[in-house]
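Please read the structure below before turning to the comments.
Sequence lines set the chain letters: A, B, ... in the order given, protein chains first and strands last, and positions in each chain run from 1.
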Number of protein chains: 2
Amino acid sequence: MSETALHERIRADIEGQILSGAVLPGGKIPSELELMEVYGCSRATVNKALSRLNDAGLVYRRRKVGTVVAKPANQSMVLDVPDLRTEIAQRGQTYRYHVVDRVIRSAARNNDEEKRLAGKGRLLFVKGVHIADDRPFAFEERLISLATVPTIVKADFTFEPPGSWLLEHIAWTEAENIIGATAASEECAACLAIPVDSSCLLVERRTWRGEEGITQVRQQFAAGSYNLIARFGPDQGKKQ
Amino acid sequence: MSETALHERIRADIEGQILSGAVLPGGKIPSELELMEVYGCSRATVNKALSRLNDAGLVYRRRKVGTVVAKPANQSMVLDVPDLRTEIAQRGQTYRYHVVDRVIRSAARNNDEEKRLAGKGRLLFVKGVHIADDRPFAFEERLISLATVPTIVKADFTFEPPGSWLLEHIAWTEAENIIGATAASEECAACLAIPVDSSCLLVERRTWRGEEGITQVRQQFAAGSYNLIARFGPDQGKKQ
DNA sequence: CAGTGGTCTAGACCACTGA
DNA sequence: CAGTGGTCTAGACCACTGA
């Protein structure tokens with residue numbers, strides 16, 4: 001085995017040709033048979049390289065036609081949505097979560113979204129503040145489906161905030177984030193120690209496991225105190 | 001060949017066991033040799049299934065140890081960052097871009113970021129407002145590297161806004177978005193027809209082609225008028 | 001029909017790493 | 001040392017699809 005695998009070298013070669021513009025969108029990549037000769041390897045190896053490029057969306061492949069460079073209509077970026085406790089710890093700050101309110105209740109009768117989340121069970125509502133180095137950092141209101149996550153009623157959130165607890169105990173299969181701005185309500189402003197109506201970053205997230213809703217959460221951050229970062233680049237694909 | 005490929009069936013089987021919680025994080029997936037017997041297939045086939053799970057971050061694999069279910073630390077979502085003109089058109093609204101200012105200048109001497117973007121060339125600065133159905137929608141300040149994109153000096157932005165022009169004419173390989181909130185400045189408030197200091201969603205984006213900077217842009221949206229949406233789900237991975 | 005990719009097999013040698 | 005994954009080969013049959 002050489003330093004880097006051959007299939008990886010082939011993949012990088014072709015990716016380079018695409019990104020440098022040497023092969024334009026719509027342009028053809030050599031067929032697997034041709035690449036076998038160029039690299040003096042088996043078809044399985046070039047197939048692996050081309051399949052990865054296909055998975056990454058850089059090319060598409062069709063029988064008889066061959067492998068073609070895709071158009072960069074690809075405007076999707078990768079947004080890391082980290083656990084707040086983890087993120088604050090990584091900054092070297094001390095983390096604390098303060099529970100403002102904690103109630104078990106049924107879904108509101110006039111709220112279809114809550115009813116979908118609750119299913120046939122009840123909801124745990126938790127309101128709290130994330131605190132970094134004794135300064136309030138995020139105001140959070142969260143609903144959790146007890147039908148999906150019954151064991152969370154025993155959790156102690158002064159020890160571990162509900163978001164982190166859920167991450168440790170439940171695998172989600174689907175999530176949606178809506179990111180916007182809002183003006184701080186009186187309660188939010190009091191919790192974050194900022195003036196009423198000042199500008200806040202607002203993140204609303206819903207997560208599911210298959211068809212079952214797990215949680216929905218609304219987080220507010222004082223403007224400038226926190227940003228989300230989304231990236232697109234060639235250094236993707238490294239995990240764990 | 002059956003309806004779905006065998007490697008895909010194996011992948012889905014194991015994914016199901018992970019997502020349902022039948023195998024917990026840290027739990028072991030059978031070795032390739034064991035799975036060969038279970039599914040009565042060759043090692044290459046189970047390897048392909050397990051490799052895809054590894055790429056997706058659901059498991060990690062180590063020699064001698066085997067394949068282990070990863071902790072769901074995997075909090076990366078896909079954020080679509082669409083072209084504003086396209087997005088407004090898709091909503092069925094009429095789109096217009098109003099140029100507030102347009103200047104060609106050198107990088108500011110005390111601004112390292114501008115100097116990196118400019119390289120050895122000058123910068124095109126464009127300030128403008130995106131308008132949907134005659135209502136101001138976004139306030140935008142943009143710098144474009146003329147070293148990288150010299151032909152943009154001839155573009156008519158009343159016809160096509162600079163962001164859309166760039167999308168049509170330049171392929172980028174890397175992009176970074178910083179998403180936060182801010183309070184509207186006097187100028188921004190005037191352009192968006194909102195009160196000074198009201199809450200705005202702020203998107204700052206930089207794009208590169210290889211090592212060369214293409215553009216950096218700062219867009220502000222009145223709170224509530226626009227949201228970004230990021231998703232994670234099983235319907236990912238379909239491209240083109 | 002003929003070219004191209006999709007998938008699979010049976011086997012091989014090797015690298016890494018826990019015991 | 002022994003088990004496990006990483007990679008590769010040479011070959012096979014098939015499905016799809018443009019000409």
request  = Please list every stem that involves DNA chain D, where a stem is a run of 3 or more consecutive Watson-Crick or G-U wobble pairs with both pairing distances under 3.5 Å.
outcome  = C:1-18 with D:1-18
message = Side chain of B:Lys64 only, heavy atoms from C-beta on: which candidate in C:dT9, C:dG3, C:dT17 is closest?
response = C:dT17
request  = For A:Asn47 and D:dC8, give me the distance from atom CG to atom C1', rounded to whole Å.
outcome  = 13 Å
task = May I ask you to say whether A:Asp55 pairs ionically with A:Arg52, meaning some side-chain N is under 4.0 Å from a carboxylate O?
result = no
ask   = Once you round it to whole Å, what is the distance between C1' of D:dG18 and CZ of A:Arg61?
value = 18 Å
query = Starting at NZ of A:Lys48 and ending at P of C:dC8, how long is that distance when rounded to a whole Å?
reply = 15 Å
remark   = Considering only heavy side-chain atoms of A:Thr45, the closest of C:dG6, D:dG6, D:dC8 is D:dC8
query = Of B:Ala44 and B:Leu33, whose closest DNA chain D nucleotide lies nearer the 5' terminus?
reply = B:Leu33
inquiry  = Looking at B:Glu113 and B:Arg116, is there a salt bridge between them, counting it only when a charged N and a carboxylate O are closer than 4.0 Å?
reply    = no
inquiry  = What is the distance, to the nearest angstrom, from the CZ atom on A:Arg52 to the P atom on D:dC8?
reply    = 11 Å
Integer-rounded Å distance: C:dG6 P and A:Leu50 CG = 9 Å
key: Salt bridge flag under 4.0 Å for residues B:Lys28 and B:Glu34   = no
remark   = Of all heavy-atom pairs linking B:Glu32 and B:Val46, the shortest is O-CG2, 3.7 Å
query = Can you tell me how far C1' of C:dG6 sits from CE of A:Met36, to the nearest Å?
reply = 15 Å
request  = Select one nucleotide: of D:dG5, C:dG5, D:dC8, the one nearest the side-chain heavy atoms of A:Thr67.
outcome  = C:dG5
Sidechain N-carboxylate O distance under 4.0 Å for B:Asp80, B:Arg231 = no
request  = Classify the side chain of B:Arg63 versus the base of C:dG18 as yes if they form a donor-acceptor pair under 3.5 Å and no if they do not.
outcome  = no
inquiry  = Looking only at the side chain of B:Ser31 (C-beta and beyond, no hydrogens), which of the listed nucleotides C:dC8, D:dG5, D:dC8 gets closest?
reply    = D:dG5
note = Per atom distances to the A:Ser42 side chain, the nearest of D:dG3, D:dA10, C:dC8 is D:dA10
message = Between the base of D:dG6 and the side chain of B:Arg62, is one N or O donor paired with an acceptor at under 3.5 angstrom?
response = no
Whole-Å distance separating the CD atom of A:Glu32 from the P atom of D:dA12 = 17 Å
request  = Provide, to the nearest angstrom, the distance between the CG atom belonging to B:Asn54 and the P atom belonging to D:dG5.
outcome  = 11 Å
inquiry  = For B:Phe157, give me all partners under ring-ring contact (aromatic ring centres under 6.0 Å, His included), at least two apart in sequence or on another chain.
reply    = none
task = Please examine the side chains of A:Glu160 and A:Tyr97, heavy atoms only from C-beta on, and report whether any two atoms are closer than 4.5 Å.
result = no
